[in-house]
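These numbers come from the heavy atoms of this one structure, side chains and all, not from hydrogens, waters or symmetry mates. Model, not experiment: these values are computed from the prediction.
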Amino acid sequence: NLIPWDKMPELSSSWEKRIQGLRDIVKRAGNYGIGVYLYINEPRAMPEDFFNGHPEWKGSSHFELKSLCTSHKDIQDYLRNGAAKLFSEVPDLAGLFTITMSENHTNCYSHVFTGNKPDCPRCSKRSQAEVIAEVNNIIAEGAHSVKPDARVIAWMWGWDPKWSDEAISLLNDDIIVMCTSEEAIPTNISGVKGGVIDYTMSIPGPGKRAVNNWNKAAASGHKIVAKVQLNNTWECSAVPYLPVIGSVAQHLEGLVQSGVNGLMLSWTLGGYPSLNLEYASQMYWDEEITGPDYENYSNNSSKGTTSNIEAFAKHKYGERVAPYIVKSWNTFSNAFKEFPFNIGVLYTAPQNYGPMNLLHEKPTGYKATMIGFPYDDIDTWRAIYPEDIFEEQFRKLSEKWEKGLNYVDKAKEMVEIQINKENREDIGNRKNREDIGNRENREDIESIEGKDDKEDRRDRVSINKMILESINELYNIS
């Protein structure tokens, strides 16, 4: 344990070292203006023999594990006091966020399908919404008893709409409510119908379910947050970011309109300092961005997604090159919408691995594993898609993506021509200076070509080289 539990001190051996490690991380991050948040998925279920000394703690079953029942006072005290102790020991911790309906088995309802009851004598008499809200409230009460301004975020991952409204209404007012923005968006790709759980940039959110949850939470007085993916997803995690700024912009515009107060920018992957994140920071947050190409636009979509993207491209690449960059971003975004989205495809197909996934002369018979080894198991890769449609969608995506690369090539060519032109002008000017130097003194040379002109030319060459580097990065990423 990170925090000692007085009833089971043997579980917390050397907890002081772990707390000191957390303090060090929080301090280092704070030096850069970064707050650290802990992911809380508690209380963790334990094996049957753990409860030999305390059978009264035993809650619902999940395979060989039993939950620590959060309807029992001892477990409630453990959660509340543990959260308080955590913020007492690490007062500069920014906050925490919870998952209460997935991942590890925690509370008695954490792996119970809606409409069913857990095999727990206490929680089986209570509603799912009541238990889930209570766990979040107890953790928040402990944290806020020590640090009132700690941000406690309840992530609604896995909360069923049949009971989520009730759960939101039972949450303490000081809890921030977070939803996966694209959750439950219906899909229809080449006639194959499905739906989004999470991890998509090919299908921009926000979806109806998230918006409904945010509206309910906001009406109840809660701040609201969107969990998004703005760099990459399991659709293709092998690159630092996917240059689909058109889709990112569409998603951000929807989030601005929905009134969310903050973003969690990724889950498990996608932290590269990319153009996507730079665009998001300048288009979403409440600060004015100024400059000759920005025209003083700020964090709203009043000028529209298209004009915002164009202004961003002009700022990054210059007036002449920007139109080709914008066309590449939009083409990439449209191409990526051909991705055969399904959570099974994301977890098992080989798009994340490239040549790491070997080709086989004969069928191996091996089963593809979740974010592990795809092998040659196309029946698992394709999930809900017929084999021909699955293959066709990747062909469409690749061919459309190639058109986007053509625009990047054109942008690169334009900058290279400009750099060569400026280099030739610089060589010519140096030759002129040498000729003049044979006849006149250095002071006369400065009167013929001013210092400002030379510095401006050097600046233009330098800027164009930086633009070329950015374009090369975009090409390599793509």
Just checking Phe390 against Phe394, ring centres under 6.0 Å apart? yes
Are the ring centres of Tyr279 and Phe312 closer than 6.0 Å?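 Under 6.0 Å, so yes.
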Go through it in stages, so that I can follow the logic: the residues are Trp267 and Tyr39, the test is ring pair (Phe, Tyr, Trp, His ring centres under 6.0 Å), and I'd like the CA-CA distance, side-chain angles, deciding distance and then a yes or no. CA-CA 11 Å; Trp267 177 244; Tyr39 159 43; 5.3 Å; yes
Are any side-chain N or O atoms of [X] and backbone N or O atoms of [Y], one a donor and one an acceptor, separated by less than 3.5 Å?
| X | Y | value |
| --- | --- | --- |
| Tyr385 | Phe341 | yes |
| Asn104 | Thr106 | no |
| Thr187 | Gly195 | yes |
| Asp377 | Ala368 | yes |

[X] atom [atom1], over 12 foreign heavy atoms within 6.0 Å:
| X | atom1 | value |
| --- | --- | --- |
| Phe373 | CZ | no |
| Lys223 | NZ | no |
| Arg382 | CZ | yes |
| Glu387 | CD | no |

Identify which one of Trp329, Phe339, Phe332 satisfies the ring pair (Phe, Tyr, Trp, His ring centres under 6.0 Å) criterion when paired with Trp401. Phe332
How close do Val131 and Cys123 get, heavy atom to heavy atom, and via which atoms?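 Result for this residue pair: CG2-SG, 4.2 Å.
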Side chain to side chain donor-acceptor pair (under 3.5 Å) between Asp198 and Thr180: does it pass, once the steps are laid out? CA-CA 7 Å; Asp198 55 5; Thr180 301; 5.2 Å; no
When rounded to the nearest 0.5 angstrom, what is the spacing between [atom1] in [X] and [atom2] in [Y]?
| X | Y | atom1 | atom2 | result |
| --- | --- | --- | --- | --- |
| Asn107 | Leu68 | CG | CG | 11.0 Å |
| Gln282 | His315 | CD | NE2 | 5.5 Å |
| Lys66 | Phe50 | NZ | CZ | 14.0 Å |
| Arg209 | Ser164 | CZ | OG | 7.5 Å |
| Asn136 | Ile168 | CG | CD1 | 11.0 Å |
| Leu22 | Leu38 | CG | CG | 5.5 Å |

Not counting sequence neighbours, which residues clear salt bridge (charged side-chain N to carboxylate O under 4.0 Å, His left out) with [X]? List them please.
| X | result |
| --- | --- |
| Glu48 | Lys58 |
| Asp77 | Lys73, Arg80 |
| Arg23 | Glu89 |
| Glu391 | none |

Side chains of [X] and [Y]: donor-acceptor distance under 3.5 Å anywhere?
| X | Y | answer |
| --- | --- | --- |
| Ser274 | Asn231 | yes |
| Asp174 | His144 | yes |
| Thr100 | Trp155 | no |
| Gln393 | Ser190 | yes |

Carboxylate-amine/guanidinium contact Lys403 Glu399, below 4.0 Å: no
Residue pairs, two or more places apart or on separate chains, that pass ring-ring contact (aromatic ring centres under 6.0 Å, His included) and touch residues 73-96: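 Counting only pairs at least two positions apart or across chains, the ring-ring contact (aromatic ring centres under 6.0 Å, His included) contacts touching residues 73-96 are Trp5-Tyr78.
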Side chain to side chain donor-acceptor pair (under 3.5 Å) between Gln20 and Asp24, worked out: CA-CA 6 Å; Gln20 185 57 50; Asp24 292 343; 3.0 Å; yes
Stepwise, does the side-chain contact (heavy atoms from CB on, under 4.5 Å) test hold for Glu183 with Val196? CA-CA 6 Å; Glu183 182 182 4; Val196 174; over 6 Å; no
Residue list, ring pair (Phe, Tyr, Trp, His ring centres under 6.0 Å) with Tyr366, at least two apart or on another chain: Tyr375
Lys227 NZ/CZ over Tyr199 ring centroid, <6.0 Å and within 45° of normal: yes
